[in-house]
Protein chains: 2
Amino acid sequence: MATISDVAARAGVSTATVSRALNGKSTVDPALAEKVREAAAYLGYQPNGLARNLRRQETAVLALVISDVENPFFTAIARGVEDVAQTAGYSVVLCNSDENAEKERRYLDVALQERVAGVVLSPTGGDTDVTQLLSRGTPVVAVDRPLNAVDGDQVLVNTRCAADEATRHLIEAGYRRIGCLTGPEGVRTADDRLAGYQSAIAASAQATTCYRRCELRTAHAKAAALDLLDEGDAPDALLIANSTMAIGVLEALRERGIRPGRDFGLVSFDDAPWAALLDPPLTVVAQPAYEIGSIAARLLLDRIADGSRPPEARELAARLIERGSSHR
Amino acid sequence: MATISDVAARAGVSTATVSRALNGKSTVDPALAEKVREAAAYLGYQPNGLARNLRRQETAVLALVISDVENPFFTAIARGVEDVAQTAGYSVVLCNSDENAEKERRYLDVALQERVAGVVLSPTGGDTDVTQLLSRGTPVVAVDRPLNAVDGDQVLVNTRCAADEATRHLIEAGYRRIGCLTGPEGVRTADDRLAGYQSAIAASAQATTCYRRCELRTAHAKAAALDLLDEGDAPDALLIANSTMAIGVLEALRERGIRPGRDFGLVSFDDAPWAALLDPPLTVVAQPAYEIGSIAARLLLDRIADGSRPPEARELAARLIERGSSHR
DNA sequence: TTGAAAGCGCTAACAT
DNA sequence: ATGTTAGCGCTTTCAA
């Protein structure tokens with residue numbers, strides 16, 4: 001593959017001039033520049049990004065490490081990040097940590113080793129270590145879940161508040177024993193949603209409480225839901241922490257012949273594309289996923305431009321969308 | 001940030017020894033190696049991947065360029081690729097071309113410039129240009145859709161056959177005017193599905209044919225479906241080319257008060273996680289997405305190891321899963 | 001405006 | 001078993 005020296009030789013100039021011409025520096029004679037471009041085109045020259053980045057000590061790529069590629073919430077974030085990154089001339093590479101701290105660590109290492117310009121991260125747990133990145137000057141912005149250890153940029157959703165609202169909605173709809181299915185302890189969104197749920201329950205005279213934690217996966221959610229349904233004092237409504245789990249719960253309900261809505265109140269976090277298609281349609285807490293991504297990317301670019309800015313924490317609001325699954 | 005020289009200085013050895021020790025070369029004294037590791041740990045040394053790759057002329061990262069991150073079919077492929085790449089010590093970075101040839105080109109350029117070890121690509125169109133990659137020695141394997149211009153490795157699904165089978169299924173179920181909603185011309189899967197549909201229709205005495213093409217997006221599919229439904233001679237069944245479009249069709253049917261199954265036969269490609277939850281559940285053509293990804297990754301790794309192997313084209317079978325939406 | 005030359009951090013010959 | 005040294009391909013002083 002052609003290198004810069006090949007181009008220089010063919011154009012009859014030095015490599016320095018080639019570099020300048022191809023990078024649009026103004027200090028190069030237009031005629032020469034043209035000659036260089038021709039030579040480059042002729043040879044099919046593609047600059048070696050590794051060498052360039054090594055020299056410049058910087059890269060125009062952002063890493064986005066998300067905890068589940070198969071969750072529409074995170075892919076929507078990805079699109080938000082991507083759209084603003086693109087317009088700023090950055091590429092974004094997506095890494096799937098799969099809710100696995102070990103994989104996450106590996107990808108953060110890769111991000112560090114490849115010297116990406118910045119990282120948007122939805123941490124698998126609160127204790128993810130990003131100090132290496134930070135101390136090396138690679139900015140990190142957390143999305144969806146905070147990084148406990150560091151006081152950095154982050155874009156979160158006021159999910160506790162939203163859980164409280166959703167639970168009150170179920171209470172008002174007349175359900176009496178409202179449960180909650182949430183994620184593992186230590187996952188901040190899981191904890192917050194549970195806390196919001198519990199505060200709404202506590203504020204109500206009638207509703208008693210029962211909840212389960214499980215991994216953020218369909219199969220686990222299904223098992224947990226079945227467990228809940230087969231209990232002596234089974235719930236007649238459920239607040240579910242995300243759409244992946246909601247699928248498991250819906251499978252469980254179907255297996256037990258329980259119809260959402262009339263028999264059983266259902267509210268799930270995340271307005272997945274299919275939520276409104278169910279019968280009855282699924283009531284959801286819609287999170288502004290795309291905005292989370294776009295804001296995070298903007299924060300990241302701002303910090304790349306100026307590392308000394310004070311850390312910025314944004315908290316966006318979620319919105320309850322009432323549909324049939326939470327009405328008798 | 002600490003460099004290899006810092007480590008060398010602290011351990012009192014040469015940089016070469018540090019390199020050897022840290023890369024697990026057997027030719028280094030265990031005691032020295034230990035000293036090196038200590039020094040590295042003390043300094044928080046992280047090798048500079050750029051420098052390493054520049055020197056080695058290779059990278060342990062694979063690029064996966066997919067045409068839609070929000071489509072579960074592609075994210076399932078991503079997991080397949082990732083799982084085998086991980087076990088072989090490769091990282092995979094995901095790039096979302098978003099069915100946009102321009103974005104795709106940009107990402108392929110990035111892949112080339114960053115000198116990734118290989119690329120798994122689901123091309124937006126058949127005329128995607130990968131000759132640069134190839135001529136530079138970066139292997140490319142196509143998934144889901146073929147690359148017309150080159151005779152390289154690919155993992156496809158016999159989608160034409162599957163479309164034919166699905167259409168015959170609808171005919172046998174007693175629907176009389178069966179339509180097809182497929183993607184843009186030039187997208188091979190869209191064309192093949194249409195062709196399979198048409199061959200089944202042609203083989204049947206009764207069923208007449210009507211089809212629409214539209215972009216592979218929910219909103220476009222909805223518009224096309226409404227258009228079809230409002231025609232004079234509207235279809236009473238539809239074969240849909242993917243799950244993203246299926247959502248649009250389902251929205252359209254709901255708007256027109258048409259109930260899938262009894263009133264209107266429905267088969268869609270791709271067994272999305274929610275397909276079985278609908279009422280009636282959605283009949284689908286399930287594609288082995290995860291296997292597509294894992295096989296593609298294995299092919300890619302094989303070719304990285306030995307570039308001279310003859311190109312390998314795999315064709316996997318899809319499987320019709322009959323559910324309620326295609327039964328009166 | 002252009003060229004010569006240094007050097008980014010690492011690995012791999014080669015020499016010892 | 002270890003060190004010396006060259007060089008991966010590029011950008012960027014520094015001189016001219």
Side-chain angles (χ1 to χ4, degrees), chain A residues 1-37 39-40 43-61 109-110 112-117 132 136-138, chain B residues 1-37 39-40 43-61 109-110 112-117 132 136-138:
Chain A
M1 164 143 239
T3 75
I4 199 173
S5 325
D6 300 328
V7 179
R10 180 150 232 281
V13 297
S14 73
T15 60
T17 302
V18 174
S19 174
R20 286 192 274 253
L22 262 26
N23 288 304
K25 298 273 195 265
S26 52
T27 64
V28 46
D29 185 291
L32 258 194
E34 183 49 32
K35 224 155 106 181
V36 168
R37 272 191 295 275
L43 295 167
Y45 170 68
Q46 278 284 347
N48 183 323
L50 296 172
R52 163 180 292 170
N53 296 334
L54 176 58
R55 174 62 228 227
R56 284 202 187 144
Q57 299 280 61
E58 70 180 23
T59 315
V61 355
D109 278 353
V110 171
L112 181 55
Q113 293 189 7
E114 301 295 325
R115 304 297 197 260
V116 300
Q132 295 230 42
R136 199 240 141 221
T138 306
Chain B
M1 165 145 238
T3 74
I4 199 172
S5 325
D6 300 329
V7 179
R10 180 151 233 279
V13 297
S14 73
T15 60
T17 301
V18 174
S19 174
R20 285 191 275 252
L22 261 26
N23 288 305
K25 299 273 194 263
S26 52
T27 63
V28 46
D29 185 289
L32 258 196
E34 183 49 32
K35 224 154 110 181
V36 168
R37 273 191 294 275
L43 295 167
Y45 170 69
Q46 278 285 345
N48 184 325
L50 296 172
R52 163 180 295 171
N53 297 335
L54 176 58
R55 173 63 230 230
R56 284 201 188 146
Q57 298 281 63
E58 69 179 25
T59 314
V61 355
D109 278 354
V110 171
L112 181 55
Q113 294 189 6
E114 303 295 326
R115 302 298 194 262
V116 300
Q132 296 232 39
R136 199 242 143 220
T138 306

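In the text below, chain A, chain B and the rest are named by the order of the sequence lines, each starting its count at 1. None of the values given here were measured: they were computed from a predicted structure.
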Using modelled atom types and a 3.5 Å cut-off, is there a donor and acceptor pairing between side-chain atoms of Asn23(B) and backbone atoms of Arg20(B)?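 No, the answer is negative, given that no donor and acceptor are paired below the 3.5 Å cut-off.
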Are any side-chain N or O atoms of Thr3(A) and backbone N or O atoms of Ser5(A), one a donor and one an acceptor, separated by less than 3.5 Å?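 Judged by distance alone, yes, a pair lies under 3.5 Å.
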Between [X] ([atom1]) and [N] ([atom2]), how many Å, whole number?
X	N	atom1	atom2	value
Arg136(A)	dG9(C)	CZ	C1'	12 Å
Gln46(B)	dC8(C)	CD	P	20 Å
Leu112(A)	dG9(C)	CG	P	14 Å

Proximity to DNA chain D (any heavy atom under 4.0 Å), residues of residues 4-16 of chain B only: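 Residues of residues 4-16 of chain B under 4.0 Å from DNA chain D: Val13(B), Ser14(B), Ala16(B).
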Mind listing the residues from residues 17-33 of chain A sitting with a heavy atom below 4.0 Å of DNA chain C? Number order is fine.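 Contacting residues: Thr17(A), Arg20(A), Thr27(A), Val28(A), Asp29(A), Leu32(A).
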Residues from residues 52-59 of chain B lying under 4.0 Å of DNA chain C - heavy atoms: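 Only Arg52(B), Arg55(B), Arg56(B) qualify.
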Determine whether [X] and [Y] make a side-chain contact, defined as any pair of heavy atoms from C-beta on separated by less than 4.5 Å.
X	Y	answer
Leu50(A)	Leu54(A)	no
Arg115(B)	Gln57(B)	no
Ser19(A)	Ile4(A)	yes
Arg136(B)	Leu112(B)	yes
Arg10(B)	Lys35(B)	no
Gln46(A)	Gln113(B)	yes
Thr59(A)	Glu114(B)	yes

Atom pair CZ (Arg55(A)) and CZ (Arg52(A)), whose distance is rounded to the nearest 0.5 Å: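 The distance works out to 12.5 Å.
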